[in-house]
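Encoded as structure tokens, the structure appears first; notes follow it.
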Amino acid sequence: MQNCARLITLLGLMLVVGCGGNVENNYYTTEQAGGHSGIGGSAGSSGQAGNGGSVSTGGSAGSAGTGGTAGVAGSSGQAGSSGASGTGGTMSDGGTAGEAGSAGSGDDAGADAADAQTAPVLEVSLSASTPAGMNMCDGSQATVFKFDLANGSASDITLDKLRLHRIGVGSSSDISIGGLSGNFVSLGIPDSTGYVTFDDMAFTIPAKTVITLSYWIQAASSSTQIGDQIAIELADVGAVTLAGNAKVQGSFPVRGNVFTLSAAKCGTLSAELAPAQVSGTVVKKSQNVEVLGIKFTAGINDVLLTLLPLKCQASLNGAPFSGSDCMKRITSLALYDGDTQVSTAFVPNTDGTATFNPNWLIPNGVTKTLTVKASFASSASPDQPYDKIAIGLTDGGAAQDMVYGQYVGVTVGAILANQLSQNPSVTTTILNSGTLKIEADGHPAAQIVVGGKDSWSVAASYKATAQYEAATIDYSDVIQDSPYLADNADVVAVAVASGGTIHGQTVLPASDTGCADADLNGYPIEVPKDGSTNIQVWVKYAAPMPGAVVNNAQHGVPRSGHQPRVGLSDSIVGPEWNSAYLGKFNLRTTGAVSGERLYADAAGVAKPNAMILRKTKPILTAQNLANNVLFNGEVELYRFQLAADQAGCVGFKQIAFGITGQQYVGFSNFRFYRGSSQIPSSEYHVVDIKNGTDLYSGATENLSSTYALVNVSFTAEDTVCGSGNVYSLRGTANSVSSGKSVSINLLHEYPVVITGVPVGSLINMAPENPNPWFFHVLQGQNTSGPFIWSDQSELPHSESSADWTNGYLVEDQTHTVVLTN
């Protein structure tokens with residue numbers, strides 16, 4: 001026979017229903033219902049009466065069977081009575097009756113017909129699958145009792161009432177028993193004697209079917225029941241009430257195993273403040289900002305967080321924290337697992353509460369973090385003490401054990417619980433707007449700038465930093481405000497740039513100093529939140545004009561030697577700039593979130609350096625000697641290349657050297673070379689700066705405890721263009737012996753710009769003696785000039801032209817040469 005038991009679960013109730021075929025080797029086996037042959041005499045020659053077909057429960061209706069063949073009467077036996085009608089094949093709801101069988105030779109044919117007239121019987125027994133006894137965790141639910149109802153009758157039986165009995169140690173009321181009432185599951189609590197009755201069930205057990213009923217208990221969560229022992233039974237035959245004349249039989253009591261309530265929890269969940277949680281700062285109107293992290297840890301079983309009651313409280317202008325003030329600053333709260341939102345955003349109630357149903361799973365033994373994010377209102381206190389908010393748990397919330405289904409309270413850590421006090425551990429400060437900071441960012445060093453080129457030079461460099469929100473700069477003001485001799489005419493155009501790209505440009509007004517606005521609205525500068533952006537001021541410089549052309553005017557025209565300084569303006573008040581810009585940079589900046597104006601302090605920010613305007617400039621490069629050996633005879637002491645900027649040639653007037661020695665060494669017959677050729681003596685002079693001695697004609701510079709200052713000056717000037725010339729100083733050494741050495745370097749310039757007329761030293765200028773061949777550049781009362789050159793902005797050029805200058809900022813005058821024996 002086939003065995004195809006089907007499992008059906010109704011909430012806590014499990015039914016096992018038999019299907020198709022006879023039930024064998026279980027609780028009963030149905031008999032065949034057709035007539036049987038008699039057993040009296042021997043069969044007649046015509047054979048035994050045929051059976052009408054067997055009956056089996058649960059099958060589909062078969063086709064009608066044919067009547068049995070008539071038997072021949074036995075020679076010595078009495079004819080039997082007619083057999084019962086044969087059933088038509090295998091059937092569940094009854095087959096079509098077959099034809100009557102012929103008389104047989106036995107004497108008990110038709111006995112089964114009499115059996116069919118008896119009352120149906122329901123066999124009650126403990127199910128083989130009833131759960132084994134075990135410890136139940138505190139507050140859990142467990143299946144504890146299974147029993148079988150076997151209907152072996154040919155008709156259905158209706159179960160009208162069940163009475164279960166709770167036995168064991170403990171109060172009868174410490175459990176609920178899950179049962180069946182009608183067609184749905186219900187719970188009942190045993191009475192003081194331990195009985196619970198389920199009335200009016202009207203539950204059908206079909207004919208020839210076995211049903212297994214499954215019952216559970218729900219233990220109340222209470223420490224008073226720890227150690228209680230519980231078993232469920234059907235105490236006697238009266239525990240099962242059937243409808244009609246159906247009978248109950250079985251070996252009573254039918255009793256399940258003993259379950260003991262344990263102190264252990266089915267599940268645990270703890271909530272703590274997540275690691276690295278610190279107070280933060282936001283600006284008004286910010287959206288979905290993390291304000292709190294809660295770390296949850298599940299133990300014993302997986303836990304589903306089903307209820308999370310939060311509360312928001314706010315402190316406005318330094319007032320005490322209050323739940324009712326929360327909705328004045330918070331528009332919504334939401335819960336996130338990483339980037340995934342686990343609940344619908346919630347607008348806090350008037351008291352600041354917000355209850356979520358996240359249905360968020362925390363696996364056993366795993367720690368997960370739930371992030372609370374807030375969106376902020378459009379208003380905030382503009383001044384300190386700023387507004388603050390804090391988020392906390394009103395209680396532990398509720399979580400469901402995923403194995404036993406009961407609710408597990410959440411244990412809240414002390415630091416997290418402190419969130420709703422007047423001194424919360426983690427708060428969020430709300431600003432009316434973010435901040436903008438401007439710093440000097442490596443302003444270009446003072447240098448010679450060549451005017452007249454249609455190219456940009458960096459005049460100033462700043463770093464803009466936005467905090468708490470991104471910022472947009474769409475308008476600025478720039479200024480030329482040199483503390484030295486300069487004019488706005490030195491500058492053709494000014495641009496405000498960022499990232500190597502111009503965002504806006506302007507032209508300065510006609511004046512000695514002054515400012516102008518640069519509109520960046522078409523291409524604003526964006527400063528990222530909590531990040532920085534470089535802002536530079538670029539300049540195109542004008543070509544210096546000859547003094548003869550402008551009647552030697554120093555203002556209103558660009559002149560060689562002017563020192564313009566251009567950068568961002570501050571403290572300018574005008575049409576676009578209100579009084580709030582006093583002490584602030586003139587940068588019109590708007591916060592990306594707050595929409596408020598942001599102002600950057602100018603106090604303490606370094607001003608850019610002044611540049612030196614020239615028509616062209618020299619490029620001096622020290623070169624290595626052919627060898628660095630000191631010996632008696634003509635020795636090369638120093639070599640350099642002098643070139644000119646592509647803007648034009650330079651005039652070379654003078655250069656000076658310092659020579660020192662460790663021991664006595666003498667030098668005479670100094671010569672100056674251009675390339676590999678000695679320059680004719682008529683074109684230059686070599687003198688000792690200290691005493692005016694001519695060093696060309698053979699005088700000896702004795703290096704023992706002193707040093708030599710050797711000056712080379714051209715009678716007129718040497719014109720240098722393009723890549724220029726290689727120059728070298730040579731001298732005849734004597735008294736050189738093993739271990740002696742000398743070092744040679746260019747004399748350093750004074751760090752000041754002098755532009756004027758070259759004049760010989762006609763007065764004693766310590767440590768120099770008067771010498772017409774040691775020149776100074778004279779500008780008013782100021783003089784300077786070991787290295788003298790001209791940008792030839794005074795054309796036609798003459799020695800009296802006021803375009804001569806010293807070597808300040810001419811590159812590479814620091815090289816030192818050492819010669820050793």
Side-chain angles (χ1 to χ4, degrees), residues 618-643 652 654-679 681 684-714 724-751 766-769 771 773-774 784-788 806-808 810-821:
I619 303 169
L620 189 151
T621 306
Q623 294 191 340
N624 294 326
L625 303 179
N627 65 74
N628 291 72
V629 178
L630 180 63
F631 55 87
N632 290 318
E634 187 176 79
V635 178
E636 186 177 40
L637 300 172
Y638 200 94
R639 182 191 297 181
F640 64 93
Q641 181 177 8
L642 189 65
F652 177 27
Q654 176 175 284
I655 193 167
F657 304 87
I659 306 175
T660 59
Q662 292 179 333
Q663 303 177 45
Y664 175 82
V665 177
F667 283 96
S668 61
N669 300 319
F670 285 92
R671 300 291 185 267
F672 203 49
Y673 281 71
R674 185 188 298 116
S676 59
S677 302
Q678 184 182 149
I679 300 174
S681 60
Y684 73 99
H685 299 271
V686 183
V687 298
D688 185 326
I689 295 175
K690 294 184 295 182
N691 53 32
T693 302
D694 183 357
L695 298 178
Y696 185 91
S697 59
T700 300
E701 286 283 7
N702 296 318
L703 305 179
S704 56
S705 60
T706 185
Y707 57 94
L709 299 178
V710 179
N711 187 74
V712 177
S713 59
F714 287 92
N725 304 312
V726 174
Y727 296 93
S728 62
L729 177 67
R730 302 185 185 186
T732 300
N734 59 73
S735 302
V736 176
S737 58
S738 177
K740 292 186 178 181
S741 67
V742 295
S743 62
I744 307 97
N745 61 273
L746 297 180
L747 293 188
H748 295 279
E749 286 288 347
Y750 300 110
E768 310 95 5
N769 288 326
N771 189 307
W773 298 114
F774 177 56
S784 180
F787 181 75
I788 297 176
N806 60 353
Y808 177 53
V810 174
E811 295 177 351
D812 203 7
Q813 300 181 63
T814 61
H815 184 68
T816 297
V817 175
V818 178
L819 302 176
T820 60
N821 180 264

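Given the structure is predicted, the values throughout are model-derived calculations rather than measurements.
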Polar side-chain atom of [X] near backbone of [Y] as donor-acceptor pair, under 3.5 Å:
| X | Y | value |
| --- | --- | --- |
| Tyr684 | Phe672 | yes |
| Asp812 | Thr621 | no |
| Asn821 | Ser738 | yes |

Non-hydrogen side-chain atoms of [X] and [Y] separated by less than 4.5 Å:
| X | Y | value |
| --- | --- | --- |
| Phe670 | Val712 | no |
| Tyr638 | Val710 | no |
| Phe774 | Gln654 | yes |
| Ile744 | Leu819 | yes |
| Ser784 | Tyr808 | no |
| Ile679 | Phe714 | yes |
| Asp694 | His685 | no |

CA sep, side-chain torsions, deciding dist, call: Phe667, Leu637, side-chain contact (heavy atoms from CB on, under 4.5 Å): CA-CA 11 Å; Phe667 283 96; Leu637 300 172; 3.8 Å; yes
side-chain contact (heavy atoms from CB on, under 4.5 Å) partners for [X], two or more places apart:
| X | value |
| --- | --- |
| Thr732 | Glu634, Ser668, Asn669 |
| Val687 | Asn711, Asn771, Trp773 |
| Ser676 | none |
| Ser737 | Lys740 |

Glu811: salt bridge (Lys or Arg N to Asp or Glu O under 4.0 Å) partners, not counting sequence neighbours: none
Residues which pass salt bridge (Lys or Arg N to Asp or Glu O under 4.0 Å) with Arg671, listed by chain and number, not counting sequence neighbours: none
Inter-residue atom distance Ser735.OG - Asn632.CG, 0.5 Å rounding: 7.0 Å
Inter-residue atom distance Leu729.CG - Ile655.CD1, 0.5 Å rounding: 9.0 Å
Member of Leu746, Ile689, Leu709, Asn745 meeting the side chain to side chain contact (heavy atoms under 4.5 Å, CB included) criterion with Phe657: Leu746
Results of ring-ring contact (aromatic ring centres under 6.0 Å, His included) for Phe640 - residues two or more places apart only: Tyr727
Qualifying residues under side-chain hydrogen bond (donor to acceptor under 3.5 Å, both in side chains), relative to Thr816, sequence neighbours excluded: none
Least distance between heavy atoms, Val810 atom then Pro618 atom: CG2-CG, 3.9 Å
Heavy-atom pair with the smallest gap, counting every atom of Val742 and Gly661: CG1-CA, 4.1 Å
Output a table of donor-acceptor pairs, distance under 3.5 Å, between side-chain atoms of residues 623-630 and any protein atom two or more places apart or on a different chain; print 'none' if there are none.
unit_1 : atom_1 : unit_2 : atom_2 : d
Gln623 : NE2    : Gln641 : OE1    : 3.4
Asn627 : OD1    : Val629 : N      : 3.1
Asn628 : ND2    : Val818 : O      : 3.1

